[in-house]
Amino acid sequence: MQAAEIGLIGLGVMGSNLALNIAEKGNRIAVFNRTPAATDAFMASAGELADRIVPCYSMAEFVAAIRPPRPIIIMIKAGDPVDQQITALQADLSAGDIIIDAGNANFRDTLARFKRLEGTGLTFIGMGVSGGEEGARHGPSIMVGGTEESWKRVEPVLTSIAARYDGEPCAAWLGNDGAGHFVKTIHNGIEYADMQMIAEIYGILRDGLGKSAADTGAIFANWNKGRLNSYLIEITAAVLAAKDPVTGTAMVDMILDKAGQKGTGKWSVIEAQQMGIPATAIEAAVAARSLSALKSEREAAAKVLGDERQPFVLTGGPGLVDDLELALFAAKIGAYAQGFAVMAEASREFGWNLPMPTIARIWRAGCIIRSQFLDEITKAFTANPDAANLVVTPAFATMLKQALPSLRRVVAAAFTAGLPVPALASALAYFDAYRQARGTANLIQAQRDFFGAHGFDRLDGKDLHHGPWGSGLADFANK
Ligand code: 6PG
């Protein structure tokens, strides 16, 4: 029997869809699942693709079915199960075989797994896969971390199954060891910020302007034809249009306002903080999910504190709907700028040499944050590979200058109206602070020196590095 090009362990929804996608693109694949019944059910669902799928019922049979060096995708629950699976595989694999973790792993676990396999002859790939169930089945975005040699072995299969943008596959090798999972984590951090910003604009339309879900959905559907064109705006319009089959009202109005989170957003913020890179819009989005989860506390606080709602009023600007669109666009630039800045620092710190234009390029299709906007980012980083930040590339500086007044008006109006817009406001504050050539940290330095003799640098380069603290206090008496 002809050997399989690749193997896959874990026939949950994502694993099954990925396996069907691999088979559909003409690749022969061996599959294994811990419970044989799931393998049988999967084969029954595979239809004519079953011809290219080798169902295996033991690890030895599975390994023997794959052409060496064997790439084996494991698509199982992140965490300990992955380590257990690696142990189970190790006994049957041979030198050069490649274990590929395609789950949403913490890249620090991925780094540890690379270390663990050092000296065993086996190698590892940490592979970020985005696009949800649909993406896995019909074309995800694939972010690979590992050795270039192992990438070469899997490149034909992975590029065949990836989404395409203008004919180019959205799959790439991004660097060694944890690079792929790190980039996927930041993708998710940006995803959180994107979603939160959209939700804040929805909140303004719902609570500040009294618009129905259907009317709001129509606005988003319209925006999807312009600069905001993206998967998340498209699904927001679809979500807002949907009716609850039980009550007949808008489905979104029947959903409890408590958001879940599985950890990737939080990891991106933790890593940003570890490296000292501001990712305030992403932080705000993660915190907003945490705050949303405190439903009963919020209900109690609403009773104790009431609200100070005022009408939402925008003055000046191009008109309400256009102002909101531009505000969302400006804030979105902030979230992406921050995400890319975090990746740039991680690239230096972990020696990955992350290719920023390539990352933007493989996010243009397949993944949850896919958009036309990412094509602009691809072009900006291609033209300015050494840019310190996305916002100072000429194209984005121009876009930002055009959209920033709207963000300022919208955030100011939301604050006055008593509507929470933490992610939009964080992006605005980030822009204002980032372009402030002379900030206020001179005072922080003086305070640190005052209470801890931490010292400071002088503007004039002179030698005095500690302040004469207390020396001017007497003058206050005369003021
Ligand atoms: C993707 C998604 C996917 C998943 C996230 C959602 O890129 O396909 O990001 O990975 O939907 O895990 O994360 P939360 O459950 O934390 O929102």
Side-chain angles (χ1 to χ4, degrees), residues 10 12-18 21 73-79 81-82 100-107 109-110 126-145 158 161-163 165 170-172 174 178-199 230-236 239 255-272 279 281-293 335-336 339 342-343 359-371 373-374 423:
V13 181
M14 287 296 283
S16 298
N17 281 358
L18 210 56
N21 186 2
I73 298 176
I74 45 183
M75 197 53 147
I76 58 178
K77 202 169 162 332
V82 173
I100 305 171
D101 176 11
N104 267 336
N106 185 318
F107 87 105
D109 291 340
T110 306
M127 181 166 103
V129 179
S130 177
E133 296 171 12
E134 268 299 295
R137 177 66 186 86
H138 298 293
S141 168
I142 300 176
M143 297 147 249
V144 172
L158 295 184
I161 64 164
Y165 185 96
C170 292
L174 301 177
H181 277 146
F182 187 87
V183 170
K184 175 67 203 317
T185 296
I186 299 304
H187 166 283
N188 281 29
I190 294 173
E191 171 185 307
Y192 273 50
D194 232 336
M195 292 167 75
Q196 175 63 24
M197 287 166 175
I198 292 172
S230 62
Y231 173 70
L232 283 172
I233 294 286
E234 179 192 329
I235 66 164
T236 303
V239 160
I255 297 177
L256 185 67
D257 54 327
K258 260 172 102 164
Q261 49 177 320
K262 290 198 286 290
T264 44
K266 183 175 71 182
W267 297 340
S268 59
V269 169
I270 291 170
E271 297 304 334
I282 301 174
E283 287 165 18
V286 175
R289 284 208 196 180
S290 303
L291 213 135
S292 82
Y336 284 70
V342 174
M343 289 191 289
I359 293 169
R361 183 172 62 73
I362 63 171
W363 285 354
R364 292 178 304 175
C367 65
I368 302 295
I369 62 172
R370 61 185 179 258
S371 65
F373 178 75
L374 277 155

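Each ligand, and each atom within it, is numbered from 1 in the order the structure gives. Atoms considered below: every heavy atom in the structure, side chains included; atoms not considered: hydrogens, waters and symmetry mates.
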**OP:** Please list, by chain and number, the protein residues whose heavy atoms come under 4.0 Å of ligand 1.
**Re:** Asn104, Ser130, Gly131, Gly132, Lys184, His187, Asn188, Glu191, Tyr192, Gln261, Lys262, Arg289, Ile368
**OP:** Would you indicate whether the side-chain heavy atoms of Lys262 and Asn188 approach each other to under 4.5 Å?
**Re:** no
Subject >> Expected output: side-chain Ser141 to main-chain Ile362 donor-acceptor under 3.5 Å >> reply: yes
Subject >> Ser290 and Gln261, any side-chain heavy atoms less than 4.5 Å apart >> reply: yes
Subject >> Results of salt bridge (Lys or Arg N to Asp or Glu O under 4.0 Å) for Arg361 - residues two or more places apart only >> reply: Glu168
Original post:
Side chains of Phe373 and Ser230: does their closest heavy-atom pair fall under 4.5 Å?
Top reply: no
**OP:** Taking the side chain as every heavy atom from C-beta outward, state whether Met143 and Trp363 have any pair of such atoms under 4.5 Å apart.
**Re:** yes
